[in-house]
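Right, one structure below, let's go through it.
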Amino acid sequence: KLKAWWQKRKLAIIRGSQICQEPKHWEDDYELIASEGLFDEYLEMVLQFGFITIFVAAFPLAPLFAMLNNWVEIRLDAQKFVCEYRRPVAERAQNIGIWFHILDGLAQLSVIINAFLIAFTSEFLPQLLYKYENSGSLDGYVNFTLAYSPCSYVSSNYTICRYKAFRDPAGNLTLFYWKLLAVRLGFIIAFEHVVFLILRLIDWMVLDIPESLQVKIKRERYLAKQALADNQDVYLSVSQRVNPPGWRGCGPASVRGSRQSESEG
């Protein structure tokens with residue numbers, strides 16, 4: 001918006017010093033902002049994708065807000081490219097290039113980060129391990145997760161303090177902490193392997209090119225080959241009519257051949 005406003009302001013200053021005349025349509029198009037490519041658009045989408053996928057466990061509503069944002073931005077970008085920017089020069093491309101590898105790397109990184117977030121910030125695994133060691137019951141879980149302050153702190157402050165940690169009264173880590181750490185690391189490995197397996201299955205099941213489109217592509221190739229073969233047949237038939245089998249051309253090869261026959265005779 002700022003670029004469009006500045007461009008209009010400069011054009012208004014230039015037109016104010018010239019003779020007032022109705023500009024032509026192509027002049028209006030030329031005076032629009034020059035197209036700078038799609039780098040900024042790709043960068044914006046990649047940043048949004050990265051923030052959503054990496055921190056979705058911390059804020060599950062992020063994909064919803066991103067969808068609403070993109071729904072509005074589609075119309076804003078359409079208005080920008082149609083009314084404020086010049087028509088860009090079309091360039092042929094097979095795919096989105098390096099952006100695909102960046103998105104794929106962000107997707108794999110997000111799986112690992114979300115596995116760490118779930119394992120180390122949620123109460124799911126501590127409760128699961130506590131239930132496993134206490135016959136499936138969560139009785140006394142809150143009291144179990146609170147450690148007592150060391151004796152030195154109690155003697156100096158004359159009060160008992162409890163904090164959330166798995167430590168004994170001496171301040172050392174308990175056996176439950178190390179068991180929980182092993183469970184968390186195992187959960188991270190299992191979680192990422194399951195998610196990557198599901199991604200590979202989806203990638204294998206969903207074709208890059210739909211089957212109906214593949215049939216149309218093959219049909220177009222067959223028709224192109226058939227048209228080329230027909231053109232070759234027509235060319236051969238025409239060349240045979242123009243140049244009979246017994247006719248020798250006047251090119252260098254025919255002259256050379258006639259000279260060789262004369263020398264042999």
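Keep in mind the model is a prediction, meaning the values are calculated, not measured.
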**OP:** Enter the distance from Q79:CD to I74:CD1 here, rounded to the nearest 0.5 Å.
**Re:** 15.0 Å
Original post:
So which heavy atom on D77 is nearest to which on E41, and how close?
Top reply: OD2-OE1, 3.3 Å
Side-chain donor-acceptor distances from residues 199-207 under 3.5 Å, at least two apart:
none

Original post:
W178 and V183: same hydrophobic cluster, using ILVMFWY side-chain contacts below 4.5 Å?
Top reply: yes
Original post:
Taking atom CG of L173 and atom CG of L180, what is their separation to the nearest 0.5 Å?
Top reply: 11.0 Å
Original post:
Are V111 and I118 co-members of a hydrophobic cluster defined by side-chain heavy atoms under 4.5 Å apart?
Top reply: yes
Subject >> N70 versus M45, closest heavy-atom pair with distance >> reply: OD1-CE, 3.7 Å
Original post:
Should F59 and F124 be counted in the same cluster of Ile, Leu, Val, Met, Phe, Trp and Tyr side chains packed under 4.5 Å apart?
Top reply: no
**OP:** Begin with the C-alpha distance, continue with both residues' side-chain angles, and end with the deciding distance and a verdict on side-chain contact (heavy atoms from CB on, under 4.5 Å) for F120 and L181.
**Re:** CA-CA 9 Å; F120 285 92; L181 181 61; 4.0 Å; yes
Original post:
Looking at residues at least two apart in the chain, or sitting in another chain, which of them share a ring-ring contact (aromatic ring centres under 6.0 Å, His included) with Y177?
Top reply: none
**OP:** State, with a plain yes or no, whether a side-chain heavy atom of P126 is found less than 4.5 Å away from one of R184.
**Re:** yes
Original post:
Is there any side-chain hydrogen bond (donor to acceptor under 3.5 Å, both in side chains) pair reaching into residues 49-61, and which pairs are they, with sequence neighbours excluded?
Top reply: none
Original post:
Can you find a pair of side-chain heavy atoms, one from N134 and one from D139, that are under 4.5 Å apart?
Top reply: no
Original post:
So, the side chain of T174 versus the backbone of F166: is there a donor-acceptor pair under 3.5 Å, distance only?
Top reply: yes
Original post:
Which ILVMFWY residues are connected to I113, directly or by a chain of links, through side-chain heavy atoms under 4.5 Å apart?
Top reply: L38, F39, Y42, L43, V46, L47, F49, F51, I54, F55, F81, I96, I98, W99, F100, I102, L103, L106, L109, L117
Subject >> Heavy-atom pair of closest approach, residues P60 and P63 >> reply: O-CD, 3.2 Å
Subject >> Atom of Q127, atom of L138 and distance for their closest heavy-atom approach >> reply: O-CD2, 3.8 Å
Original post:
So, for R167 and A147, which heavy atoms are closest and what is the spacing to 0.1 Å?
Top reply: O-CB, 3.5 Å
**OP:** Could you tell me which non-hydrogen atom of D168 sits nearest to which non-hydrogen atom of N172, and how far apart they are?
**Re:** OD1-N, 2.7 Å
Under 3.5 Å, which donor-acceptor pairs do the side chains of residues 186-198 form with other protein atoms, sequence neighbours left out?
unit_1	atom_1	unit_2	atom_2	d
H193	ND1	I189	O	2.7

Original post:
In terms of hydrophobic clusters joined by side-chain contacts under 4.5 Å, are I52 and L61 together?
Top reply: no
Subject >> Flag if over 12 foreign heavy atoms under 6.0 Å of CD, E123 >> reply: yes
Using a 3.5 Å cut-off and no angle test, enumerate the donor-acceptor pairs between side-chain atoms of residues 212-226 and protein atoms at least two apart in sequence or in another chain.
unit_1	atom_1	unit_2	atom_2	d
Q214	NE2	I209	O	3.4

